[in-house]
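Letters A, B, ... are given to chains in the order of the sequence lines, protein chains preceding strands, and every chain is numbered from 1.
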Amino acid sequence: MYVGLTGPKHSKIMIVGEAPGENEDREGLPFSNNGVSGKTLNWLLSQAGINRAECLIVNVARKRPQFNRMDQYFLDKECTMPKPELSGWIQELKEDIERNKPNVVIGLGSYALWALTGEKAISKFRGYTIPSNLVQGQKVICTYHPSNINREFKNFFPTLMDLKKAKFHSKHPQMPVDNRIIIPDASREQFINYCREILIDPGKKVIGLDVETVQPGSHISIIGLGHSRNYAMSTWIMRGMSPCYPENDEFELWYWIARVLEEKEIIIQNASYDAIVTMLNHGIHIKRIHMDTLIAAHIVWPELPRDLGFLASICLDVPPWKHFNTQHPSYYNACDVCNMYGIADVLSKKLNEVNQTDVYNWEMRQLPPAMMLQLQGTLIDEDERLRLLKEVEGIIESTEKGLEELFGKKINYRSSKQLQQLLYTDLNIPTQYKRRKKASDERKITTDKNALKYLERTVKDNPGFTLILEHKKNLTLLNFLNVDISPEGKVHTSYNITGKKIDSKDEDDEGRKSFGRWSSSESIILPFGSGNLQNIPEITRSMYIAPKGFRIITSDYIQAEAVVVAYLSNDRRMISVFKESFGKTTSERKKHKEWDVHILKAADLFSVDINDVTPKMRKVGKTIRHARNYDMGPGTLSDHLGCSLGEARSLLKRDDIANPLLKIWQASIIEELRQTRTLANLFGRQHRFLERWGDSLFKSAFSYKPQSTIGDLMNRSIVRMYEDNEIVDLIHLWLQLHDAVYVLVKDTDDTMYEAMHYLRKHMREVIMVNHEEMIVDSDFKYGYNWKDLREVDYVS
DNA sequence: GATTTTACGTA
DNA sequence: CGTACGTAAAATCT
């Protein structure tokens with residue numbers, strides 16, 4: 001059935017969808033209240049404060065396409081050449097707009113965007129106010145289609161923001177005024193003059209900075225500066241790999257840039273990168289950072305993308321500019337500066353509004369130690385690396401031979417496809433499926449570690465599984481051993497305070513989460529090593545060594561997350577265990593079974609005296625505690641314990657009866673979420689959970705407070721150590737592993753004990769939980785490489 | 001050649 | 001139906 005325009009004439013808002021669906025087709029109404037998309041649209045509009053009854057509603061295509069697919073209406077695969085039928089409908093749309101003259105047209109989905117503006121990439125252009133190329137002077141705002149929200153719930157929030165922006169724009173027909181003065185491709189003289197102007201004008205107090213770099217070497221090709229959200233200038237330093245100016249001329253340019261960067265307050269997006277580049281390549285130290293917009297955005301919206309394109313779409317009303325990236329890089333850079341400045345204004349207001357300025361300031365203080373650690377790197381024992389590599393390669397070779405003999409053929413055990421063929425087709429072994437996150441997810445065949453372990457203990461007379469498991473393990477070890485080492489014999493990692501996934505293009509099933517822990521990834525500036533230093537397997541840690549004359553000390557928060565859970569759930573028994581054992585040395589702790597939380601848990605579960613708990617029972621206790629704290633299911637628990645599903649079920653049930661407090665606490669978390677979908681950790685760091693209401697959201701939420709509290713606790717102690725002037729010559733930060741810190745000290749026992757005094761001082765922080773003081777204790781180890789570390793007793 | 005999927009290491 | 005994180009290689013798409 002033909003589905004045309006509905007709604008009151010001359011409405012201020014016209015909504016344009018893509019094509020009618022089943023219900024629309026039957027009823028002849030766009031976005032029918034009975035259809036899925038219609039229902040979602042109604043919900044979105046009500047959240048945004050838009051009254052559907054006051055809107056004109058229409059689709060680009062006026063008849064339901066075959067298989068509900070818009071590409072049916074195009075001649076080409078890329079969907080750029082419409083068939084005559086669709087062209088006719090677009091003409092009708094044009095006439096509908098001209099006849100009604102709405103103040104704003106809201107386009108839903110990429111085909112609406114295309115019909116209204118000629119652009120195709122909805123994720124790039126959503127949220128921007130753009131002029132229509134269909135009807136001259138018509139204002140358009142596009143966003144995701146409701147059916148997309150149903151598939152990818154993470155797009156809900158941006159869509160809501162876009163609709164709110166559209167509501168604002170429905171009050172008047174004018175395009176937003178663009179007052180920006182953007183000066184790209186400035187000459188050297190022009191840029192130097194601008195720097196001098198900034199330096200002498202006390203009104204130009206806060207300066208925006210952005211650099212573009214070329215790899216390898218992270219050389220700066222373009223630099224942009226700006227003194228307001230409406231003024232920025234950029235200039236070329238290098239084109240490709242060749243400098244634009246003779247050395248002296250470039251030096252003069254840098255002299256003036258350096259003065260600006262050293263004398264003014266700077267706004268920057270991701271100081272960790274830009275500031276290291278200016279320091280390393282040009283010796284410029286940015287002294288005062290007014291704001292890092294990446295960090296501010298991380299505090300305000302930890303669940304959202306943090307690239308400038310996305311932030312501008314929800315903070316500002318400027319034209320899209322990211323597509324100039326390749327067309328006109330210098331203009332792109334200057335736009336970045338202006339818009340970053342504008343975003344910074346919005347973010348500082350937001351920080352106040354949501355009461356997160358304090359959390360933001362703590363996070364900013366993490367920048368210097370994080371940058372230092374990236375630059376410093378970690379020394380590698382090349383002999384040890386080669387020894388390990390040779391050893392692993394040797395084992396791999398012989399295992400490969402063994403497997404070939406066993407199965408009569410050679411396959412690539414890195415290939416899941418080939419392994420599936422071998423096991424499930426050739427050998428007829430029962431097919432294993434991946435554990436699903438939701439019952440509605442489709443079952444996927446797998447040959448991963450868990451599946452092989454399950455087969456190893458359930459399938460009789462199949463000696464191969466153990467060997468395959470061993471082989472796969474060794475193959476992954478190669479990734480950690482085959483790494484490039486810097487000329488100084490080091491590897492480097494980038495510690496990311498806000499996590500690495502900052503880009504709106506980085507798709508992720510459940511959207512972004514950032515719980516305030518640092519992540520570690522490849523350093524673009526110093527690309528040596530395996531990148532992430534927080535997932536190095538234990539065996540390969542022996543190649544990471546202290547420099548000559550130094551030793552490594554590590555201090556680890558003891559049972560960190562379990563302590564937090566105990567206090568949060570008001571588990572008096574656990575709290576008193578943690579209090580009694582607090583401040584005791586490692587060897588003392590080992591003597592007292594009543595301080596061992598895993599033994600206690602096992603004694604409970606098996607109804608035995610703590611003195612009768614066997615090591616095996618203790619292991620079960622440990623696993624159950626873990627499982628329960630994070631709401632693990634019986635399937636995964638049986639994998640961990642290597643027991644049957646029934647046994648796992650009954651263990652969980654027994655623990656549930658023995659410790660009912662945990663369930664009560666988890667219920668309180670759900671209640672907290674229900675109010676505002678926002679949780680705060682024990683340092684006040686907030687996180688809003690935008691995923692769909694349900695178990696997977698709850699599980700993530702249960703882990704938030706313990707995990708992020710310990711992350712903050714660790715990072716705050718690192719900040720205190722880095723800022724403590726008394727210990728600059730005593731303690732050198734080395735590694736951060738979420739709940740452990742590694743430092744280097746001079747290789748004497750006296751120095752070690754002195755260092756431990758300060759480590760303890762900075763790591764112990766009183767945290768108030770339900771009007772009670774909580775301190776997480778830490779223990780110590782020392783050694784000369786990352787793997788072989790010895791426990792050391794220290795009493796403060 | 002670019003993008004998606006699968007798997008895996010740590011806390 | 002533990003969570004969080006980043007990376008490598010295979011598989012798949014264009």
Practice item. Measure distances between side-chain N and O atoms of Arg517(A) and base N and O atoms of dA11(B), and say whether any donor-acceptor pair falls under 3.5 Å. Key: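 Per atom types, the contact qualifies.
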Review point. Between the base of dG9(B) and the side chain of Asn535(A), is there a donor-acceptor distance below 3.5 Å?
Key: yes
Check this for me: does any side-chain nitrogen of one of [X] and [Y] sit under 4.0 Å from a carboxylate oxygen of the other?
| X | Y | value |
| --- | --- | --- |
| Lys453(A) | Glu456(A) | no |
| Glu384(A) | Arg387(A) | yes |
| Asp779(A) | Arg589(A) | no |
| Lys409(A) | Asp426(A) | yes |

Review point. Excluding sequence neighbours, so at least two apart, what forms ring pair (Phe, Tyr, Trp, His ring centres under 6.0 Å) with Tyr704(A)?
Key: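 Once residues adjacent in sequence are excluded, the partners of Tyr704(A) under the ring pair (Phe, Tyr, Trp, His ring centres under 6.0 Å) criterion are Phe515(A), His687(A), Phe689(A).
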Practice item. With sequence neighbours left out, write down each residue that passes ring pair (Phe, Tyr, Trp, His ring centres under 6.0 Å) with Phe74(A), or none if nothing qualifies. Key: Tyr111(A), Trp114(A)
Shorter than 3.5 Å, N or O on both sides, protein versus nucleotides 12-14 of chain C: list them out with atom names.
| unit_1 | atom_1 | unit_2 | atom_2 | d |
| --- | --- | --- | --- | --- |
| dT12(C) | OP1 | Lys417(A) | NZ | 2.8 |

Point to revise | Given dA10(C), dT3(C), dA7(B), the nucleotide with the shortest approach to the side chain of Lys699(A) | key: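 Of the candidates, dT3(C) comes closest.
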**Study point:** Nucleotide nearest Lys434(A) (side chain, heavy atoms from C-beta), chosen from dT6(B), dA11(C), dT3(C)
**Key:**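 Of dT6(B), dA11(C), dT3(C), dT6(B) is nearest to the side chain of Lys434(A).
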Exercise for review: Please list, by residue number, the residues of residues 638-658 of chain A whose heavy atoms come closer than 4.0 Å to an atom of DNA chain C; answer none if no residue qualifies.
Suggested key: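 Residues of residues 638-658 of chain A under 4.0 Å from DNA chain C: none.
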Study note, to complete from the structure: Given Watson-Crick and G-U pairs under 3.5 Å, DNA chain C in dot-bracket ([ ] crossing, | other strand) is ..|||||||||||.
Revision key, fill the gap. For residues 650-670 of chain A, the salt bridge (charged side-chain N to carboxylate O under 4.0 Å, His left out) pairs (sequence neighbours left out) are Lys601(A)-Asp655(A), Arg628(A)-Asp655(A), Arg628(A)-Asp656(A), Asp656(A)-Lys663(A)
